Amino acid sequence: MSNWPDSLAAAKVDQCRLATQVQLKSFPLSNLNSTKKVAGVDVGVDVVSGKLRAAAVLIDPITAELIEWCVAQQAPQFDYQPGYLSYRELPVVLEALEGLSSIPDIIFCDGQGIAHPRGVGIASHLGVLVQRPTIGVAKKLLFGRSREPENKLGFHTLIKYQHQILGCALRSRVNVKPIYVSPGHLITVSDATAWVMHFSRGYKLPEPTRIADRIASRRTKAWQS
DNA sequence: GCGACAG
DNA sequence: ATCTTGTCGC
């Protein structure tokens with residue numbers, strides 16, 4: 001990756017530039033009819049090599065079943081720091097995405113979208129780089145605050161920071177802690193929430209994220225490459 | 001100033 | 001992210 005920041009200070013400057021490019025616009029679930037390629041991406045660590053392993057998966061828009069997947073590995077070039085996750089994970093994620101037969105129409109990411117100190121979580125950063133709608137799905141909140149949504153499927157409360165609405169805490173499964181959804185790029189909070197609910201099939205995480213997570217964190221066996 | 005802090 | 005056994009609930 002060229003022009004990739006190599007320090008927190010440089011990354012911060014980069015984030016402020018990216019933030020000006022993030023756009024929130026309508027991308028309703030009704031687009032499902034014309035949406036052929038739905039993707040999910042996630043990163044895990046290969047305990048043997050110490051490398052980051054990214055998985056990019058294509059999911060069927062209707063059945064939510066796995067259609068195609070690609071894995072890429074790279075030595076980490078950036079330490080994890082809260083607020084700068086994308087600089088560590090995106091290089092491998094982009095390589096995995098390039099291995100797919102085509103660029104997806106919408107991408108689910110593991111982490112925040114605009115619910116970030118500078119409005120550029122990993123989902124937003126990826127969306128700007130590939131110019132596609134992206135949705136951030138996180139298991140924990142990084143920025144802003146929300147109250148606990150009612151314990152009923154699909155119920156949600158907004159994530160706010162000083163009157164701004166950044167996403168929602170969503171009950172994707174009853175009796176399980178909520179997930180935190182925020183738009184990455186080219187989608188709105190409400191549309192992102194609808195897409196996440198559409199792909200929530202009995203598990204805490206929506207299928208694109210859950211399946212990518214399974215593949216990225218699967219332990220390497222001797223018979224695998 | 002102090003704590004909180006995606007994966 | 002990852003290390004980890006049994007246990008509780010649907």
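Note on naming: letters A, B, ... go to the chains in the order of the sequence lines (proteins, then strands), and numbering restarts at 1 for each one. The structure displayed is predicted, hence computed values, not measured ones.
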Within the structure shown, what part of the strands sits under 4.0 Å from [X] by heavy-atom distance: base, sugar-phosphate, or nothing?
X	result
A:Gly136	nothing
A:Tyr84	base
A:Leu141	sugar-phosphate

Should the heavy atoms of other residues, nucleotides or ligands under 6.0 Å from NZ of A:Lys204 be counted, would the total exceed 12?
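Yes, the 6.0 Å shell around NZ holds more than 12 heavy atoms from other groups.
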
Between A:Asp213 and A:Arg173, which has a closest nucleotide on DNA chain C that is more 5'?
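Taking each residue's closest nucleotide, the earlier one in sequence belongs to A:Asp213.
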
Can you find a pair of side-chain heavy atoms, one from [X] and one from [Y], that are under 4.5 Å apart?
X	Y	answer
A:Val41	A:Leu126	yes
A:Ser101	A:Lys37	yes
A:Ile107	A:Leu97	yes

A:Asp110/A:Lys139 ion pair, N-O < 4.0 Å
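Salt bridge: yes.
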
Pairs counted as Watson-Crick or G-U wobble with both distances under 3.5 Å: what dot-bracket string results for DNA chain B, using | for bases tied to another strand?
.......

Range on DNA chain B touched by chain A, heavy atoms, distance below 4.0 Å
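Footprint of chain A along DNA chain B, 5' to 3': B:dC5 to B:dG7.
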
Figure out the [atom1]/[atom2] separation between [X] and [N], and round it to whole Å.
X	N	atom1	atom2	result
A:Tyr87	C:dA1	OH	P	21 Å
A:Gln74	C:dA1	CD	P	19 Å
A:Leu142	C:dA1	CG	C1'	15 Å

Could you work out, with salt bridge (Lys or Arg N to Asp or Glu O under 4.0 Å) as the rule, every residue matching A:Asp14, not counting sequence neighbours?
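Testing A:Asp14 for salt bridge (Lys or Arg N to Asp or Glu O under 4.0 Å), a comparison that skips the adjacent residues, returns A:Arg17.
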
Flag the pair A:Phe108 / A:Phe199 as yes when their ring centroid distance falls below 6.0 Å, and as no otherwise.
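So the answer is yes for these two rings.
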
Please lay out, stage by stage, how A:Leu153 and A:Met197 fare under the test side chain to side chain contact (heavy atoms under 4.5 Å, CB included).
CA-CA 9 Å; A:Leu153 186 64; A:Met197 277 311 295; 4.1 Å; yes

